[in-house]
Amino acid sequence: MSTQADLTTTPADVLASVVRRYLNHYGDQIAGIYALPDDPYEPERGRDEEEGVHIVVVFEEPYDHWTKTGTVMQIAHGVMDEMEWTVPLVPHHVSLESALVQRIRREGVRLD
């Protein structure tokens with residue numbers, strides 16, 4: 001059964017909302033926000049349709065992974081809940097200095 005949100009909310013709406021929330025919360029700590037079709041940590045696994053869209057927030061230095069994890073997750077899940085979105089957003093975050101950043105920039109779509 002479709003809800004009203006299913007009929008009016010687009011993927012672009014959801015992505016725009018999550019990007020806006022990240023930028024409002026973290027501001028100039030963010031070096032970029034990217035969407036990827038597959039897990040940036042396991043690219044050899046390939047695309048999993050049920051897994052959703054991977055969102056990667058790239059942070060400027062100084063960067064402490066553990067202080068970002070909870071809020072990065074809460075923002076993405078909060079947007080999904082509020083917009084009644086059923087395709088999962090799978091949030092990740094990395095430092096601008098991470099070895100993953102080059103691949104994320106090459107394979108991802110920049111959202112911010």
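No hydrogens, no waters, no symmetry mates; every other heavy atom, side chains included, goes into these values.
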> Enter the distance from Glu107:CD to Leu100:CG here, rounded to the nearest 0.5 Å.
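Separation between the atoms: 10.0 Å.
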
> Taking all heavy atoms of His54 and all of Pro40, pick out the closest pair and write down the distance.
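Looks like ND1-CD, 4.0 Å.
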
> For the side chain to side chain contact (heavy atoms under 4.5 Å, CB included) test, which of Val57, Leu96, Val19 pairs with Ile30?
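By the side chain to side chain contact (heavy atoms under 4.5 Å, CB included) criterion, Ile30 pairs with just one of Val57, Leu96, Val19: Val57.
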
> Closest approach of His92 and Asp39, non-hydrogen atoms and distance?
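So the minimum-distance heavy-atom pair works out to CE1-OD1, 3.9 Å.
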
> Looking at residues at least two apart in the chain, or sitting in another chain, which of them share a ring pair (Phe, Tyr, Trp, His ring centres under 6.0 Å) with His77?
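For His77 there are no ring pair (Phe, Tyr, Trp, His ring centres under 6.0 Å) partners, ignoring immediate neighbours.
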
> What residues form a side-chain contact (heavy atoms from CB on, under 4.5 Å) with Arg110, not counting sequence neighbours?
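Checked Arg110 against side-chain contact (heavy atoms from CB on, under 4.5 Å); matches are Tyr34, Asp112.
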
> Hey, what do you get for NE2 (His25) to CD1 (Ile75), rounding to the nearest 0.5 Å?
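The NE2 atom of His25 sits 5.5 Å away from the CD1 atom of Ile75.
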
> Do Val72 and Leu15 share a hydrophobic cluster (ILVMFWY, side-chain heavy atoms under 4.5 Å, transitive)?
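Cluster IDs for Val72 and Leu15 match.
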
> Per the salt bridge (Lys or Arg N to Asp or Glu O under 4.0 Å) rule, what does the pair list look like for residues 59-71, sequence neighbours excluded?
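Qualifying pairs, neighbours excluded: none.
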
> Specify the closest pair of heavy atoms between Trp85 and Val87, including all atoms of both residues, with the distance to one decimal.
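Heavy-atom minimum between the residues: CD1-O, 2.9 Å.
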
> Is there a path of hydrophobic side-chain contacts, each under 4.5 Å between heavy atoms of I/L/V/M/F/W/Y residues, joining Tyr41 to Met73?
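Different clusters.
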
> Check whether any side-chain heavy atom of Glu97 sits under 4.5 Å from a side-chain heavy atom of Tyr63, and report yes or no.
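SC-SC contact between Glu97 and Tyr63 ruled out.
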
> Please identify each residue that fulfils salt bridge (Lys or Arg N to Asp or Glu O under 4.0 Å) with Asp13, with sequence neighbours left out.
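Not a single residue meets the salt bridge (Lys or Arg N to Asp or Glu O under 4.0 Å) criterion with Asp13.
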
> In chain order, what residues pass the side-chain contact (heavy atoms from CB on, under 4.5 Å) check against Ser17, with sequence neighbours excluded?
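So Ser17 forms a side-chain contact (heavy atoms from CB on, under 4.5 Å) with Arg20, Arg21, Val79, Met83.
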
> Please list, chain by chain and in numerical order, all residues satisfying side-chain contact (heavy atoms from CB on, under 4.5 Å) with Gln102, sequence neighbours excluded.
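Scan of Gln102 (side-chain contact (heavy atoms from CB on, under 4.5 Å), adjacent residues dropped) gives Arg105.
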
> Within a strict 4.5 Å, meaning less than it, do heavy atoms of the Ile33 and Val18 side chains meet?
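Counting from C-beta outward, Ile33 and Val18 never come under 4.5 Å.
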
> Classify the ring geometry between Tyr26 and Phe59 as parallel (under 30°), tilted (30 to 60°) or perpendicular (over 60°).
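Rings of Tyr26 and Phe59: perpendicular, as their planes differ by over 60°.
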
> Roughly how far, to the nearest 0.5 Å, is CD of Glu82 from OG1 of Thr9?
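It comes to 11.5 Å.
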
> Knowing that exactly one of Val14, Val90, Leu111 qualifies, which makes a side chain to side chain contact (heavy atoms under 4.5 Å, CB included) with Ile55?
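That would be Leu111; it is the only one of Val14, Val90, Leu111 passing the side chain to side chain contact (heavy atoms under 4.5 Å, CB included) with Ile55.
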
